[in-house]
Novice: 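Got a structure for you, written out below as structure tokens; questions coming shortly.
In the text below, chain A, chain B and the rest are named by the order of the sequence lines, each starting its count at 1. Bear in mind the structure is a predicted one, so any value in this text is a computation, not a measurement.
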Number of protein chains: 2
Amino acid sequence: MTNTGPGRPRLTKQRRPGPTAAAEILDAAAELFTTKGFSSTSTRQIADAVGVRQASLYHHFATKDDILAALLQGTVTGALAVGDELIGRPEPAAVRLYALLTIDAAQLVSGRWNLGALYLLPELRTERFTPFRLERQRLRARYAELANLVLADLGEDDPARTGLPFRVVETVINERSDAESDGGLDAVDPTTVADAGLRVLGWVDVAALRDPAAMLVSELRSGN
Amino acid sequence: MTNTGPGRPRLTKQRRPGPTAAAEILDAAAELFTTKGFSSTSTRQIADAVGVRQASLYHHFATKDDILAALLQGTVTGALAVGDELIGRPEPAAVRLYALLTIDAAQLVSGRWNLGALYLLPELRTERFTPFRLERQRLRARYAELANLVLADLGEDDPARTGLPFRVVETVINERSDAESDGGLDAVDPTTVADAGLRVLGWVDVAALRDPAAMLVSELRSGN
């Protein structure tokens, strides 16, 4: 038994990474949802994996859907904040889109669990997940907005391409999933993804975007 | 009651498209797996949706996993046959890759159910689905082979790009899934996908590939 600070001692030693009990619950749920499946996982199994009682779990999340909603939200909120900020930045649209692709791909690559694999669950079509779907739509719209500016800079008018950069960033999810099932795939490199996200629009000299986009990424990350 | 030909009359009128009872079972299962979820669907529900007894269903498929395996196989077999044939064709690699992307995207777009959404199920990591995973890996390898030829024709040596065209074709699955959840998205055009699959490699003049690739596609489809 370990007393991890103020409040009641835990029943068991901390099993999960995370600064709070809620974060530990989310980590355990993310593992179970992505490796066993969402509908095959019970809140009881999540509580067991964290080492807490089910009653404690319900104190943080009233339902299993609430846990899933929190996990999904976490895959979008950061990228959306970046997308919102990029709209007002003075850099050329191609640099801004490259920066968004880099940050979003890095986030999808580095999460401990491949949560994007849950985007295709039919359960997400219910009303409970409308707030998540709307937030993801807002992120998609930010990508489209930047993509349209890039297309305009290229002098191209091809609305069919507008949605492609957002789709390219999501390919990270499939790449991770295949790497986890089959092994032997190389780790996904956010630069490859960002290059591809610009190339699908018809942008040729992607190498020239890397340095200015890297500067923009570090400014955004340091909050300037 | 309708007697649809030789053999025993059906219990009910045919509810599902398909030339055989097995095809009807697959159609019903595809709908349930993609709209309710694989693990939330029972073989009983599938039998009910077809209008047959569970015993008849077991006559065709011993387990629910067998039904899923047959459905998944169906999303890969045709594209793999095309990929195998393209390897020996005399056309330039870019035209061959464009043709493969077009045929595969058209198949992913036009299936009655968005079966690619099942690729990310954790259940597929079990041994039962090894044959499917291997066949999908063979298809991925065909894409990579053609992509490497295209990169060589471009005088580029960037192995990070090799896997991208296969990932691009799979974006059809996410696009369909979002269209079905949220509505309002345009239908996916296989030409847009094929353009993007070449552009990610660094190919610029994709428009020049369309006519020769369309000729190749019609030759492949007519079996010449």
Novice: Output the distance between atom CG (L201(B)) and atom CZ (R199(A)), rounded to the nearest 0.5 Å.
Specialist: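 One gets 8.5 Å once the value is rounded to the nearest 0.5 Å.
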
Novice: Would you find more than 12 non-hydrogen atoms of other residues, nucleotides or ligands less than 6.0 Å from D157(A) atom CG?
Specialist: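 No, CG of D157(A) has 12 or fewer neighbouring heavy atoms, counting only those of other groups under 6.0 Å.
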
Novice: Distance check, rounded to the nearest 0.5 Å: N174(A) atom CG versus R167(B) atom CZ?
Specialist: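 If we round to the nearest 0.5 Å, N174(A):CG and R167(B):CZ are 5.5 Å apart.
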
Novice: Using a strict cut-off of less than 4.0 Å between a Lys/Arg side-chain nitrogen and an Asp/Glu carboxylate oxygen, indicate whether D178(A) and R140(B) qualify as a salt bridge.
Specialist: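 A salt bridge is present here (some side-chain N lies under 4.0 Å from a carboxylate O).
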
Novice: I'd like to check V193(A) versus L164(B) (side-chain heavy atoms, cut-off strictly below 4.5 Å). Are they in contact?
Specialist: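 Of all side-chain heavy-atom pairs linking L164(B) with V193(A), none is under 4.5 Å.
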
Novice: Under a 4.5 Å cutoff for heavy-atom pairs, which residue among A196(A), A160(A), P159(A), S181(A) has the most contacts with chain B?
Specialist: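 Among A196(A), A160(A), P159(A), S181(A), the one with the most close pairs to chain B is S181(A).
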
Novice: Below 4.5 Å, heavy-atom pairs only: which of T130(A), L134(A), T192(A) has the largest tally toward chain B?
Specialist: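 Highest number of heavy-atom pairs under 4.5 Å: T192(A).
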
Novice: Test: ring pair (Phe, Tyr, Trp, His ring centres under 6.0 Å). Region: residues 133-165 of chain B. Which pairs qualify, not counting sequence neighbours?
Specialist: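 Listed once each, the pairs are Y143(B)-F166(B).
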
Novice: Before you tell me yes or no, could you show the steps for S177(A) and R125(B) under side chain to side chain contact (heavy atoms under 4.5 Å, CB included), namely the whole-Å CA-CA distance, both residues' side-chain angles and the distance that decides it to 0.1 Å?
Specialist: CA-CA 10 Å; S177(A) 172; R125(B) 300 194 183 158; 3.7 Å; yes

Novice: What residues of residues 102-122 of chain B make heavy-atom contacts with chain A at a cutoff under 4.5 angstrom?
Specialist: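 Hits under 4.5 Å: A117(B), L120(B), P122(B).
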
Novice: T171(A) versus E170(B): any side-chain heavy-atom pair under 4.5 Å?
Specialist: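 Of all side-chain heavy-atom pairs linking E170(B) with T171(A), none is under 4.5 Å.
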
Novice: When only heavy atoms count and the cut-off is under 4.5 Å, which of residues 32-44 of chain A reach chain B?
Specialist: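 Contacts with chain B: F33(A), T34(A), T35(A), K36(A), G37(A), S39(A), S40(A).
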
Novice: State which residues pass salt bridge (Lys or Arg N to Asp or Glu O under 4.0 Å) with R96(A); sequence neighbours excluded, sorted by chain then number.
Specialist: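 With neighbours one apart ignored, the set is empty.
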
